[in-house]
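A quick note: this is a predicted structure, and the numbers were derived from the prediction, not measured.
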Amino acid sequence: MANNKSKSQSQSKPKQRPSTLAVYLYIPNIIGYIRVLMNCVAFAYCFSNKWLFSLLYFISFVCDGVDGWCARKFNQVSTFGAVLDMVTDRISTACLLVILSQVYRPGLLFLSLLALDIASHWLQMYSTFLSGKASHKDVKDSTNWLFRAYYGNRMFMAYCCVACEVLYIILFLLAESQTESLKDVMVSSFTHISPLSFLLSLSVLGWAVKQTINIIQMKTAADACVLYDINEKQRS
């Protein structure tokens, strides 16, 4: 009887509320801070040491998957960590696209990709908030099979994301001046059969799928926002 009573009392005790500092010091969040520092160093040396930049940038990108694994492994999933991840991803990719827009012609292409990336993810996050979902990756109710496959299969999503970033890094490494023609560089790379051309082909395929997903995501999220407005007007 006494044992049962003590067990019930221990089970009824509320879980200890973590402090603000404890959340900031979650292992995945610390990895996030390291990613930010690596990106800062990478972009500081992007023109003086391209290989150092590429190495630091890619390691920071890989750590995006590592911190997600740590968050699940140590039960340290947090909204702050998710936002930190997304902001770091978007800013780092945006900075690289801005650099590519300065070394390649037409530069507007890379700025358009930047705008698409930010707009699609921002709309997706906002529509997630409006719909009350816990994660922007919850798209099980979407009618688009490619959109569901992208967020529903981690390996497929990882391939597309890695391919996109690898393509941008390769293009940055291939640029020899600030007046490169993107068309000429791509044609030259594909016409010479080499491991680089094979890697470039794989990267372009994943990049194309990723941009298609961004367009679908932006349209789907915009529709969700409009539907929310319509429902709100009907209630009032």
Side-chain angles (χ1 to χ4, degrees), residues 15 17-18 23 26-29 31-32 35 58 60-94 97 112-168 202-236:
K15 292 183 178 180
R17 186 173 183 265
V23 176
Y26 277 175
I27 293 174
N29 293 344
I31 295 174
R35 290 185 65 208
F58 188 73
S60 172
F61 175 74
V62 171
C63 285
D64 184 25
V66 175
D67 63 12
W69 179 85
C70 288
R72 293 184 294 272
K73 175 71 175 179
F74 300 106
N75 193 27
Q76 293 184 340
V77 176
S78 65
T79 302
F80 170 75
V83 173
L84 177 64
D85 260 4
M86 177 169 282
V87 170
T88 303
D89 291 341
R90 301 284 68 76
I91 291 177
S92 58
T93 302
L97 287 171
S112 299
L113 291 172
L114 187 160
L116 174 62
D117 186 59
I118 292 177
S120 66
H121 283 85
W122 193 88
L123 276 168
Q124 180 67 6
M125 286 293 289
Y126 200 81
S127 65
T128 300
F129 167 74
L130 291 178
S131 61
K133 294 180 180 178
S135 171
H136 69 283
K137 298 178 181 179
D138 182 2
V139 296
K140 293 187 291 291
D141 56 348
S142 174
T143 57
N144 189 285
W145 67 269
L146 184 60
F147 196 36
R148 293 197 308 271
Y150 177 78
Y151 279 118
N153 190 312
R154 286 185 179 175
M155 292 300 294
F156 180 50
M157 181 171 66
Y159 160 68
C160 294
C161 292
V162 170
C164 193
E165 298 298 331
V166 167
L167 175 63
Y168 296 152
L202 286 177
S203 299
V204 168
L205 178 61
W207 169 86
V209 175
K210 181 74 164 60
Q211 304 317 308
T212 303
I213 292 296
N214 278 342
I215 294 172
I216 296 171
Q217 179 170 260
M218 184 169 64
K219 177 63 168 61
T220 303
D223 288 345
C225 291
V226 170
L227 185 61
Y228 177 84
D229 287 336
I230 293 174
N231 292 335
E232 285 298 302
K233 286 185 181 296
Q234 286 181 338
R235 291 193 189 100
S236 61

If you count every heavy atom of other residues, nucleotides or ligands that lies below 6.0 Å from [X] atom [atom1], does the total exceed 12?
X: Arg154; atom1: CZ; value: no
X: Phe58; atom1: CZ; value: no
X: Lys133; atom1: NZ; value: yes
X: Tyr159; atom1: OH; value: yes
X: Asp141; atom1: CG; value: yes
X: Phe80; atom1: CZ; value: yes

Under a 4.5 Å cut-off applied to non-hydrogen side-chain atoms, are [X] and [Y] in contact?
X: Gln76; Y: Asn29; value: no
X: Tyr26; Y: Pro18; value: yes
X: Phe61; Y: Val162; value: yes
X: Leu114; Y: Ile118; value: yes
X: Phe74; Y: Pro28; value: no
X: Cys225; Y: Tyr126; value: yes
X: Asp89; Y: Asp64; value: yes

message = I'd like to know whether Asp67 forms a side chain to side chain contact (heavy atoms under 4.5 Å, CB included) with Asp85, so could you lay out the CA-CA distance, the side-chain angles of the two residues, the decisive distance to 0.1 Å, and finally the verdict.
response = CA-CA 9 Å; Asp67 63 12; Asp85 260 4; 2.6 Å; yes

What is the minimum heavy-atom distance between [X] and [Y], and which atoms define it?
X: Tyr150; Y: Phe156; answer: CA-CD2, 3.6 Å
X: Ala224; Y: Ser127; answer: CB-CB, 3.9 Å
X: Arg148; Y: Ser142; answer: NH1-O, 2.7 Å

query = So does Lys233 pair up with Asp229, basic N to acidic O under 4.0 Å?
reply = no

Rounded to the nearest 0.5 Å, what separation is found between the [atom1] atom of [X] and the [atom2] atom of [Y]?
X: Thr212; Y: Asn144; atom1: OG1; atom2: CG; answer: 10.0 Å
X: Arg90; Y: His121; atom1: CZ; atom2: NE2; answer: 4.0 Å
X: Leu123; Y: Thr128; atom1: CG; atom2: OG1; answer: 10.5 Å
X: Gln124; Y: Ser120; atom1: CD; atom2: OG; answer: 8.0 Å
X: Leu84; Y: Ile31; atom1: CG; atom2: CD1; answer: 11.0 Å
X: Met125; Y: Gln217; atom1: CE; atom2: CD; answer: 10.5 Å

task = Test Asn214 against Met218 for side chain to side chain contact (heavy atoms under 4.5 Å, CB included), laying out the working first.
result = CA-CA 6 Å; Asn214 278 342; Met218 184 169 64; over 6 Å; no

task = Mark yes or no for whether Asp117, through its side chain, and Leu113, through its backbone, hold a donor-acceptor pair below 3.5 Å.
result = no

task = Could you tell me whether the side chain of Arg35 and the main chain of Ser60 form a donor-acceptor pair under 3.5 Å?
result = yes

request  = For Trp207 and Ser203, run side chain to side chain contact (heavy atoms under 4.5 Å, CB included): C-alpha distance rounded to whole Å, both residues' side-chain angles, the deciding distance at 0.1 Å, then the answer.
outcome  = CA-CA 6 Å; Trp207 169 86; Ser203 299; 5.9 Å; no

Evaluation steps, side chain to side chain contact (heavy atoms under 4.5 Å, CB included), between Lys140 and Tyr151 = CA-CA 9 Å; Lys140 293 187 291 291; Tyr151 279 118; over 6 Å; no

